[in-house]
Engineer: 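This is the structure I have questions about; it appears just below.
Bear in mind the structure is a predicted one, so any value in this text is a computation, not a measurement. Values reported hereafter were calculated over all heavy atoms of this structure, with side chains retained and with hydrogens, waters and symmetry mates removed.
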Amino acid sequence: MAAGVGQQWVLVEMVQAFYEAPAYHLILEGILILWIIRLLFSKTYKLQERSDLTLKEKEELIEEWQPEPLVPPVPKDHPALNYNIVSGPPTHIITVNGKECINFASFNFLGLLNNENVKSAAQASLKKYGVGTCGPRGFYGTFDVHLELEERLAKFMRTEEAIIYSYGFATIASAIPAYSKRGDIVFVDEAACFAIQKGLQASRSNIKLFKHNDMADLERLLKEQETEDQKNPRKARVTRRFIVVEGLYMNTGDICPLPELIKLKYKYKVRIFLEESLSFGVLGEHGRGITEHFGINIDDIDLISANMENSLASIGGFCCGRSFIIDHQRLSGQGYCFSASLPPLLAAAAIEALNIMEDNPDIFQTLRAKCERIHKALQGISGLKVVGESFSPALHLQLEESCGSRENDVKLLKRVVDYCMNSGIALTQARYLEKEEKCLPPPSIRVVVTVEQTEQELDKAASLLKEAAQSVLN
Amino acid sequence: MLVAVLTYVGYGVLTLFGYLRDFMRQWKIEKCQNATEREEQKDFVPLYQDFENFYNRNLYMRIRDSWNRPICSVPGAKVDMMERVSHDYNWTFTYTGRVIKDIINMGSYNYLGFAQKTGACQEAAAKVLSQYGAGVCSTRQEMGNLDKHEELEKLVARFLGVESAMAYGMGFATNSMNIPALVGKGCLILSDELNHASLVLGARLSGATIRIFKHNNMQSLEKLLKDAIVHGQPRTRRPWKKILILVEGIYSMEGSIVRLPEVIALKKKYKSYLYLDEAHSIGALGPSGRGVVEYFGLNPEDVDVMMGTFTKSFGAAGGYIGGKKELIDYLRTYSHSAAYATSMSPPVVEQIITSVKCIMGEDGTTIGRARVQQLAENTRYFRRRLKEMGFIIYGNEDSPVVPLMLYMPAKIGAFGREMLKRNIGVVVVGFPATPIIESRARFCLSAAHTKEMLDTALKEINEVGDLLQLKYSRRRLVPLLDRPFDETTYEETED
């Protein structure tokens, strides 16, 4: 009460002072107030950005500028420059650089590359449609074989819909940017393959890497994100979250712990994208991949993407899942809308390969038995360690101790590979782009098991590798 | 002017209806036909923003039957289409099982008519298929480099007149995986306004700074080049490491041909590098089909990176890059596709080898030469007749891609459907492939089209044009006027 009265006094005094002030005082204050208002509303004072160069100076600069050469020179003995030349089909017996070897390097897991039924289906399609499709899917490039293949794949994987791409690499690299945009968050495993990394880069989302197969690390990241969300709930309501994992990792040969991932999915409300290039046609009782292997309901996974270039021995890739998700890619998958569709003969080959997979479900068991056999046989080689699950058909052999630099490791492994090739087993080193990978795996030899290899051949390969390691590494 | 106003009005009406129907759908007055999220995942963050799909739901769905038309024969000059009907306004389609036969195909990219199911190419491909199989199952750098690939690359290098070439399995991927290998941070990319999505994606993935110049506008390009060299990188002022100009031979939505002599002159003056994407122009331009470089009579060595695809003129699939030996060696080592992507399928490679030999005349016949000439004649004839009829046609006189302007959204669907009723298959494009008021129908001419087929097509287009009032052009074509490679764009003028 007293403060209010005090305030009133001050107000009255102010008004009195106003009436009693001399004229010039009021005018001066009026001008000051107007000046302040002008400064408040005028544009900010811009610094002069460009120094004004004269025309002559500009021309001099243009003359002087020297660009780098378009490409730096590549040394002649760069390991990736000299390709192995394969004459003839890359099937079980392969002729590499003129020498006949048993093929332990092509991802022909189910041996369908040389299958006569597959080839005759492709021939029939070639006679009916020719080779190319001459257009993208939207403009007269959709053939009935494409529609049939999509239906068959969806039925095989027991999902609602499937979509086909004409290039395996482009499948996951176009699928991720179709859903995940700038501002969304993607949790991805460190050992994800290069195609996934490119898809993530194209999507411009926030990428959070978690340690390979480490669910505790992933949970920590998810919890951190949860606390972030609580600070800004409005933004959190529109930020989409995804986890991207592979069924069987190409770079390390091990399997992802899918049941724990499903639990995390429902707990933290994240969607899962599963990349099954190596596990499609390998894992599971009928070859349906890692979901069948763990007995998980396929609708729990939002998107499964795989390429048809490994087990199906064709070219291209597919994504399958619920229609709600897959249909979106038909308008926004870049590799689908802006690229020509898959040549029909390759689609027919894939359909026939699917038929064979459905009719002979026991090949998966045979393949797994062979993988276990060679995994056991390769243990105990001095100097090389086996990296990968026992049922994974694509294993890595890494040096137990590195010689110091990656270059020397690569050279050493090359000598092992050459020794084996000279004795009739075709192997290859796993190739990476060293400067582009986010987490570069150590150099390794890739060993691929196929259904066509006999037990003697597996044993021969194992003993040859032992010999090679002995002679080269000791 | 009137047309522009009517187009905007058309879109306005569609948008209003769109809002109305969304409103009705939300309040369950109208049944929602869209697929929906799972029950268990209803409380997840929604996967699609409602507004993103507004265009999809309300505009695209109405005319969805003009796209994704399934065919069941070789995509040659005449094609068989599977008939499909929709009972719920294009939300779902059912196939009646009938096949509409012998539709004149003005939509497939079959410039030289190599999409055939009989002939030397197909026989050679069949032989290779039985010998090699369909797939490869390995990457180029590992075990996937077949002798066929080496043969193909040598042949392509000879065809283009460059030192060396490298082939990839997908044309889109050729751009998106090799541009990042060539340029990186600290480099500048100058790209045309209307470049294809693959070039844009490759440029973005590379991490370089991208600046866009107006379509085919050399003053805009020169200004950007000058500014770039004089002022350097945006904030640090360091000089750019390299400058790469991305252009296409023929732009697929405009039909315009790049002004190559001027671009090369600019490139030499300012010491930058040129990346030429000849997806549509290889095989289609030039007296012997070697592309836009031959069309202008220039030296292929002036273009630093010549890229192209095998999908369009060669009837196969895949892409290539040609250039100096150092460039190709570098790409063999550092291209993303060589290290991580499966190599090309052998029968497809054989198809390309046979068709390139045919075009070069090395298979002993003159079929290739005859086809290139036939395509050029077809192009000139078709364009001339359309202009005489009074349609607005974009693009250069010699380009086999002929866009015919439709403008109004309703005419997009109407044109496609009317032409199909008359047994002619055309491609119509609207937003977002083109600016929103410039929707068009695009004809792709082929050497396999005979004059009778073209005449039939022209007659039908004339009828439909009268029916839908598409003859917007107010200029009368002056015949026999020689117009060299300037981009002739006919636009509405006030009389």
Side-chain angles (χ1 to χ4, degrees), chain A residues 58 61-62 65 67-68 70-71 73-74 78 80-81 83 85-87 89-90 105-108 113-114 119 122-123 126-127 129-132 134-135 138-140 142-144 147 166-170 194 201-202 240 269 309 313-315 323-324 334-335 338-340 343 346 349 428 431 433, chain B residues 35-37 44-45 67-72 74-75 107-110 115-117 122 125-126 129-130 132-138 141-143 145-147 169-170 172-173 197 205 229-230 239 241-242 271 273 304 311 315-317 326-327 329-330 332-333 339-342 345 348 351 427:
Chain A
K58 286 191 185 174
L61 279 171
I62 294 175
W65 178 67
E68 282 182 4
L70 181 57
V71 287
V74 176
H78 195 286
L81 183 55
Y83 293 167
I85 300 185
V86 174
S87 1
S106 299
F107 290 115
N108 182 15
L113 201 52
N114 211 10
K119 280 198 210 173
Q123 291 275 15
L126 179 60
K127 282 197 181 54
Y129 298 106
V131 176
C134 299
F139 304 148
Y140 302 100
T142 307
F143 284 53
D144 44 357
L147 298 172
S166 56
Y167 203 50
F169 189 99
F194 195 71
Q201 193 185 354
R240 298 172 273 237
K269 313 233 184 305
E309 293 160 359
S314 177
I315 303 271
S323 288
F324 174 70
Q334 292 223 318
F338 295 113
S339 173
L346 296 169
T428 177
R431 298 273 183 212
L433 285 176
Chain B
T36 47
E37 180 70 273
F44 280 41
V45 176
W67 293 292
N68 290 308
R69 290 183 175 159
I71 65 179
C72 48
V74 68
S108 290
Y109 302 135
N110 182 18
Q116 297 168 300
K117 55 183 185 183
Q122 188 266 350
L129 175 60
S130 59
Y132 283 81
V136 182
C137 299
S138 189
Q141 286 185 355
E142 293 186 10
M143 203 51 82
N145 183 37
L146 308 176
D147 46 357
M170 185 196 197
F172 186 97
L205 283 178
I229 302 182
V230 165
K241 289 193 197 153
K242 348 180 190 174
K271 291 179 270 203
Y273 301 111
D304 301 288
T311 330
E326 296 90 50
L327 170 70
D329 280 345
Y330 181 83
R332 279 190 212 279
T333 328
Y340 293 106
T342 316
S345 159
V348 173
Q351 158 84 12
V427 160

Engineer: Rounded to the nearest 0.5 Å, what separates atom CD1 in A:Ile315 from atom OH in A:Tyr167?
Structural biologist: 8.5 Å
Engineer: Which one, B:Thr311, B:Leu327, B:Leu146, leads in non-hydrogen pairs under 4.5 Å with chain A?
Structural biologist: B:Leu146
Engineer: Which one of A:Gly335, A:Ser314, A:Ser87, A:Ala349 has the most heavy-atom pairs closer than 4.5 Å to chain B?
Structural biologist: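 The answer is A:Ser87.
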Engineer: Could you check which of A:Gly135, A:Pro73, A:Gly138 has the highest count of heavy-atom pairs closer than 4.5 Å to chain B?
Structural biologist: A:Gly138
Engineer: So A:Phe169 and B:Tyr340, would you call those rings parallel, tilted or perpendicular, with 30° and 60° as cut-offs?
Structural biologist: tilted
Engineer: Could you tell me which portion of B:Tyr330 (side chain, backbone, both or neither) has an atom closer than 4.5 angstrom to a non-hydrogen atom of chain A?
Structural biologist: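 Contact with chain A is through both the backbone and side chain of B:Tyr330.
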Engineer: Heavy-atom distances under 4.5 Å only: say whether A:Ala170 touches chain B with side chain, backbone, both or neither.
Structural biologist: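 Side chain of A:Ala170 only, per the 4.5 Å heavy-atom cut-off to chain B.
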Engineer: Using a 4.5 angstrom heavy-atom cutoff, name the option from B:Ala341, B:Cys137, B:Gly135 with the most pairs to chain A.
Structural biologist: B:Cys137
Engineer: Taking the side chain as everything from C-beta on, heavy atoms only, tell me whether A:Asn114 gets closer than 4.5 Å to A:Lys119.
Structural biologist: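 Heavy-atom side-chain distance check passes, below 4.5 Å.
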Engineer: Supply the atom-to-atom distance A:Ser106 OG to B:Met143 CE, rounded to the nearest 0.5 angstrom.
Structural biologist: 6.5 Å
Engineer: Could you grab the distance from atom OG of B:Ser108 to atom CZ of A:Phe139, nearest 0.5 Å is fine?
Structural biologist: 11.0 Å
Engineer: Can you tell me which of B:Pro239, B:Ala115, B:Ser130 forms the most heavy-atom pairs within a distance under 4.5 Å of chain A?
Structural biologist: B:Ser130
Engineer: Select, from B:Asp304, B:Leu129, B:Val348, the one with the greatest count of heavy-atom pairs under 4.5 Å involving chain A.
Structural biologist: B:Leu129
Engineer: Heavy-atom distances under 4.5 Å only: say whether A:Leu126 touches chain B with side chain, backbone, both or neither.
Structural biologist: both
Engineer: Need one label for A:Val131: side chain, backbone, both or neither, based on atoms under 4.5 Å from any heavy atom in chain B.
Structural biologist: both
Engineer: As an exercise: rank B:Gly315, B:Gly107, B:Ala173 by heavy-atom pairs under 4.5 Å with chain A and give me the winner.
Structural biologist: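 When all of B:Gly315, B:Gly107, B:Ala173 are compared, B:Gly315 has the most.
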Engineer: Look at A:Ile85, A:Ile62, A:Leu70 and state which one has the largest set of heavy-atom pairs under 4.5 Å with chain B.
Structural biologist: A:Leu70
Engineer: Less than 4.5 Å apart, any side-chain heavy atom of A:Leu113 and any of A:Pro90?
Structural biologist: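 Answer yes - side chains close enough.
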Engineer: In terms of heavy-atom proximity below 4.5 Å to chain A, should B:Ala125 be classed as side chain, backbone, both, or neither?
Structural biologist: both
Engineer: Under 4.5 Å from any heavy atom of chain A, what part of B:Gln141 do you find: side chain, backbone, both or neither?
Structural biologist: both
Engineer: Taking side chain as C-beta onward, heavy atoms only, is A:Tyr83 less than 4.5 Å from B:Arg332?
Structural biologist: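 Yes, close enough: below the 4.5 Å cut-off.
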Engineer: What heavy-atom pair brings B:Lys241 and A:Trp65 nearest, and what distance separates the two atoms?
Structural biologist: O-CZ2, 4.4 Å
Engineer: Let's test your reading of the structure: which of B:Val74, B:Asn145, B:Asp329 forms the most heavy-atom pairs below 4.5 Å with chain A?
Structural biologist: B:Asn145
Engineer: Might you point out which heavy atoms bring B:Pro75 and A:Tyr129 nearest each other, and give the distance in Å?
Structural biologist: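 For B:Pro75 and A:Tyr129, the tightest heavy-atom pair comes out as CD-O, 3.9 Å.
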Engineer: Side-chain contact, heavy-atom cut-off 4.5 Å: B:Asp147 with B:Tyr132?
Structural biologist: yes
